[in-house]
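Here is the structure we will look at.
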Amino acid sequence: MATDKKQNLLYLFHRPQEPSFVPKGENAVAFDVPAKFLPERYKQLGTQLESRFGEATSQKISLVDIKEPNLTNIMRLGRHENFSLFLPKHQNIAAELINIFMAAKNVDELQSLGVYCRDRVNPYLFVYAFSVALLHRPDTQGVNPPNFAQTFPDKYFQSGIFAKAREETSVVPTGSRMPIEIPRDYSASDLDEEHRVAYWREDIGVNLHHWHWHLVYPTNAAMSIVNKDRRGELFYYMHNQLIARYNVERLCNKLKRVVKYSEFEKPIKEAYFPKLDSLVSSRTYPARVSNQVLQNLNRQQDEIVMDVAALERWRDRIFGAIHSGFVMDRDGKQIPLTENEGIDVLGNVLESTILSPNPDFYGNFHGMGHVFLSYIHDPDHRHLENFGVMGDFATTMRDPMFYRWHSYIDDIFLEYKATLPRYNVGQLNYTGITVDSVSMQGEGSKPNEINTFWQQSDVDLSRGMDFQPRGSVFVRLTHLQHQPYTYNITVNNASGSPKMGMCRIFLAPKFDERGNPWLFRDQKSMFIELDKFKVNLKAGKNTITRMSTQSSVTIPFERTFSDLDTNRPTGGDALAQFNFCNCGWPQHLLLPKGTPEGYVCQLFVMVSNYDLDKIDQDETGVCNDAASFCGLKDKKYPDRRSMGYPFDRMPRNGVDNLQQFLTPNMRVQDCIIRHNNRTIRRKN
Ligand code: CUO
């Protein structure tokens, strides 16, 4: 059970650029910082600071003495630089800082180390490393790092709003302040056809999910943190689903599926102007104009000197591994890419993490792709420019190039998947179990017809911004939303005895870009997972109902958007349940937008044999509501099948379309997603 003392650690996330001795939060809590903890700059001002901030402080948190950690290497990243987890230099620095926090003997020591480091190291780096430590230390369970969009709103909200927010807070007293409205379209106009899906790419929930996923699955830290069950496979699957979801969204907006970025010498036609300013570096995230070409990198400051040819070399070696069926480790030993575990190895090779068996040989294909693209505007640092949004987990999903790049990564994984044995009928069917009917039904709507619309929600910005005077200041953003709905599934169990099954629900467009029915081999990559859950089947007829809000893919709306401080339960089980998990797809984007005329999709439901799916473990506990994309905290991935089953492989011979793929335990239902172009204000 969480204690109050542990919760004090959360004050370290408040206003990350202000020193720890400045009062934090509505209650004006400050750390009682001993003189030896103060950075050099403040040391000489010791007593003056005491009298200046002492009066404003209503509660002081005392700190235990610690041996001062050596931060020499970590401070090579300046306080006002931007921080990128794609840059090897920054990754190594982050791993070192995480290790310092992980090594603290207890919470008191962690708190002192936190205060000591916070006022010295780069604020983005601090928040990242401290969050990783809180998520992974046994003694800080129940301490939930705050919503990252509130700590660093500059990574999620267009820069224009900050001046307005400042004005609002200095002129208008708390309580009378008006929310600052962010228009739905701000990064481009409809002249740019890619802008049709900007509402999705720039969605705060999407970008928060991606940031949190990488926070839970770091590439470089202690082995105990990185080496999670099937993490390489989950890297493949979660990003595979992002691409599938993006493609469905594109089709709804009359765009073709995304074209993979694999020809590095060709100009990139997609431009992107992010309209984000970093509050830490006081610099704008650079834009990419149309028709730029990837360049060799020579950026001494970032310790990156690398030719584009390196990407091509790594790629060829990875394809070589796929087609020879093994990767080679550092000692030249072959590690076979086995039917079920090969994808996990390949995920770690491609990403690349410290689990990659041979990073010198297979390189850092995925990560350096991000880096090359993020420096395309200033490859040799002659303009002293920073990386673009592609260089930051918190912002990369805003850029159309994210999807082109990850589409290529996905293609490489699919090339591997195509080498695997196909599922035969026995591996798909569940003898005796028949799915007789499926439907999805929104309240007050016709069956199998779901409505989407725009919704406005308010988010409090005050925590991350160094405003005087204080108090809440809200931004009002507009995002896609769908009506809540229920699945109704009838299943017949003819086996004569009770059975257990895993119910797997997916959705895909019924037609391709040209309005033609799909070949199965293409449609299988368009299925987005909507839900997956265990079902008990009594002998005979069963009726299963399940609500859209229960999805194993999403986290609830409140967790994406609300001010966690205000809504946080105060302790006990409630806090434990609320805990941690900001990883998860946003519920408001569970479904694609659809079209005004009604977009035709195929709802697919399969009930598989739970005996072959189950993992023997206790799955109760915290953070278990978005397991499909995020796994279970400190547990095994709760499904023994290959991720993406049954759509993760090429179909058996003779299967050309979805209908031919079906076994009796599967069922398909046409449904319509209709977009209503109106905006509804969310009730707070
Ligand atoms: Cu999530 Cu490329 O891995 O951004």
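Counting starts at 1 for both ligands and their atoms, following the listed order. When a residue number appears, it is its place in the shown sequence, counting from 1. In this text, all values refer to a predicted model and were calculated from it rather than measured experimentally.
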Quick one: which ligand 1 atoms are inside 4.0 Å of a heavy atom on [X]?
{"X": "H239", "answer": "1 (Cu), 3 (O), 4 (O)"}
{"X": "H366", "answer": "2 (Cu), 3 (O), 4 (O)"}
{"X": "H210", "answer": "1 (Cu), 3 (O), 4 (O)"}
{"X": "F235", "answer": "3 (O)"}
{"X": "H214", "answer": "1 (Cu), 3 (O), 4 (O)"}
{"X": "F402", "answer": "4 (O)"}

H370 near atom 2 (Cu) of ligand 1 via N/O/S, less than 2.8 Å: yes

Centroid-centroid distance, Y261 to Y403, less than 6.0 Å: no

Aromatic contact, F264 with F372 (centres under 6.0 Å): no

N, O or S from H406 under 2.8 Å to atom 1 (Cu) of ligand 1: no

Within 6.0 angstrom of K636 NZ, more than 12 heavy atoms from elsewhere: no

R641 CZ: over 12 foreign heavy atoms closer than 6.0 Å: yes

Side chain to side chain donor-acceptor pair (under 3.5 Å) assessment of E249 paired with N247: CA-CA 5 Å; E249 208 67 33; N247 277 332; over 6 Å; no

Side-chain touch M223/I354, heavy atoms, less than 4.5 angstrom: yes

